[in-house]
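Before any comments, here is the structure.
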Amino acid sequence: MNADPADTRYPHLDLADLIAGATGQAIGDRAREHLASCEHCRSEAARWNLVADGVRGLAAAAPETAQPARPRRTGRRVPPGPWRRAVLVAGSAAAALVLLAGVGEVSGLVHVHLSGPGTSGSATSGPGTGTALTAVTGCARLEQADGTLEQVNGAILVIKTASGQRVTVTTTATTFVSTSGALLGDITDGASVMVRGSRSGGAIDAAIVTVGQPFSAVNPPGFVPVRGTVSDVSTAGFTLVTSSGTRIPVTTSGGTLVVVPHASLGQLPAGAAIFAVGHAGPDGTLSARAVAAIRQLPRGNPHLFVRLKNCSPASIGSVLAFGG
Amino acid sequence: MNDPHGDAGAATFTAGPDGDRDDAGLVRRIGQGDEDAMAAFYREHGRVVLAQVLLVAGERAGAEEIVQDTMLAVWRGAASFRGESSVRSWVIAIARRQTRDRLRGRRLRVVGDAFLADQPGSGPGPEATALDRAELAEVMVGIRALAAPHRELLGLVFGSGLSLPEVAGVLEIPVGTVKSRLAAARTALSRILNEKGHDR
């Protein structure tokens with residue numbers, strides 16, 4: 001952490017933290033928490049991520065080293081050949097839970113239509129062939145991948161698409177990771193939440209509960225957000241205690257969407273519906289700037305939108321809206 | 001061969017987790033003449049070394065020759081590797097020397113510390129804005145247009161898998177200087193993007 005020369009009251013991440021994030025190294029909990037709440041640092045992190053992606057993009061464009069010529073000079077020993085580069089293996093399997101990826105009509109919009117298990121996908125490429133990345137409408141260099149989360153291995157995710165293709169998604173400490181669904185279990189006593197719902201007498205019938213650091217983007221029209229701390233959790237709901245001490249009864253149901261906007265990769269279980277947005281990497285991989293998992297689909301026919309302001313990596317994840 | 005830094009006081013490295021221990025084992029086997037280990041070493045490090053060399057040399061055929069010479073130096077010098085640095089920083093330091101020797105005749109542009117340490121402003125000025133609005137492909141083109149020392153530094157930090165202290169060791173400069181040069185490299189990149197009109 002470092003002090004902002006312009007305002008020493010608010011410490012910002014120092015360059016080492018930002019570089020660690022851009023290179024996929026672990027950063028401390030304090031730095032992570034700061035990043036989640038500091039727009040300045042998120043922007044800085046996004047800029048360094050872009051620089052890092054540029055370097056990695058150049059490296060990916062470097063010629064293969066598969067068959068180097070033997071050394072022209074003799075040493076005491078001659079290195080063997082051929083030296084082959086490892087090949088990313090694409091797998092094949094049928095998808096159990098499918099995300100039908102559509103394309104929004106608004107520039108810079110990712111639109112994912114969520115469907116339940118057993119639905120067949122619309123992708124046409126066969127298992128393990130072609131690319132499973134889809135261009136983000138309005139953002140020439142951004143790609144998306146969506147499907148089912150097959151595994152999490154450190155900072156790497158494997159997404160199996162509707163067509164059975166596997167996409168390797170790399171993340172860094174600054175990748176925006178969110179998870180959502182009918183996750184009432186994530187609402188616990190003492191949690192800081194933002195509740196959006198319709199008023200019912202003196203209570204709120206919760207449509208969306210955002211857990212943790214507020215995420216301004218989860219703001220569909222028609223709901224007034226109320227922020228507070230959770231108390232007295234039960235199967236029927238909880239009590240929201242506002243900063244002024246007002247206690248508001250909140251009712252929840254299976255249709256209540258719970259959003260954890262700043263989640264860790266460890267909160268993304270295999271089998272979750274998931275989509276990722278970022279830059280295409282080598283061998284069909286995706287260097288993700290934003291990852292969103294839907295661990296449990298809410299009722300209805302939901303759609304998920306992510307608007308990318310100016311298509312800038314700094315803005316990815318800045319807006320997330322959920323509607324029917 | 002085992003001291004890529006030439007400056008014992010610059011930085012001290014310790015072997016990292018399992019990957020480094022495996023690498024050290026590979027180098028030990030290479031030192032014993034194990035050709036399979038050499039092949040494995042090339043698989044592990046060849047592409048990263050080539051990408052780094054290419055970033056500095058800027059020309060494919062020459063870069064491949066430098067990598068060949070680097071691997072030859074690894075083959076010859078593995079027996080003297082003492083494990084005082086990570087294998088990755090060791091091989092990259094070798095590659096750096098090979099690159100420097102090869103390019104000596106081409107007279108790389110020498111850039112002074114005053115230029116390299118040019119600090120960017122702290123606020124999101126037009127240079128930050130330029131980076132915010134740039135696309136990846138444009139950034140890649142911009143990186144190619146940077147001065148060789150900036151390209152080299154960005155490659156070491158973001159492409160080689162080295163930590164900042166390890167980069168400092170390879171470049172034989174303090175970590176603080178690595179940071180200031182990183183900031184300067186980003187500023188230079190932003191200026192290049194600015195020239196392409198991304199500050200609007």
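Note on naming: letters A, B, ... go to the chains in the order of the sequence lines (proteins, then strands), and numbering restarts at 1 for each one. Because the structure is predicted, anything quoted here is derived from the model rather than measured.
We find the CG-CG distance between L182(B) and L15(A) to be 5.5 Å, quoted to the nearest 0.5 Å. Taken from CD1 in I19(A) to NZ in K179(B), the straight-line distance is 9.5 Å, to the nearest 0.5 Å.
Pairing each heavy atom of V55(A) with each of I143(B), the nearest pair is N-CD1, 3.6 Å. Taking each heavy atom of M140(B) and G54(A) in turn, the nearest pair found is CG-O, 3.4 Å. Of all heavy-atom pairs between R186(B) and V51(A), the closest is CG-CG2, 3.9 Å.
Partners of A52(A) by side-chain contact (heavy atoms from CB on, under 4.5 Å), not counting sequence neighbours, listed by chain and number: A22(A), R56(A), F158(B). Residues passing the side-chain hydrogen bond (donor to acceptor under 3.5 Å, both in side chains) test with S287(A), sequence neighbours excluded: D53(A).
Only the side chain of L55(B) comes within contact range of chain A, with heavy atoms under 4.5 Å apart.
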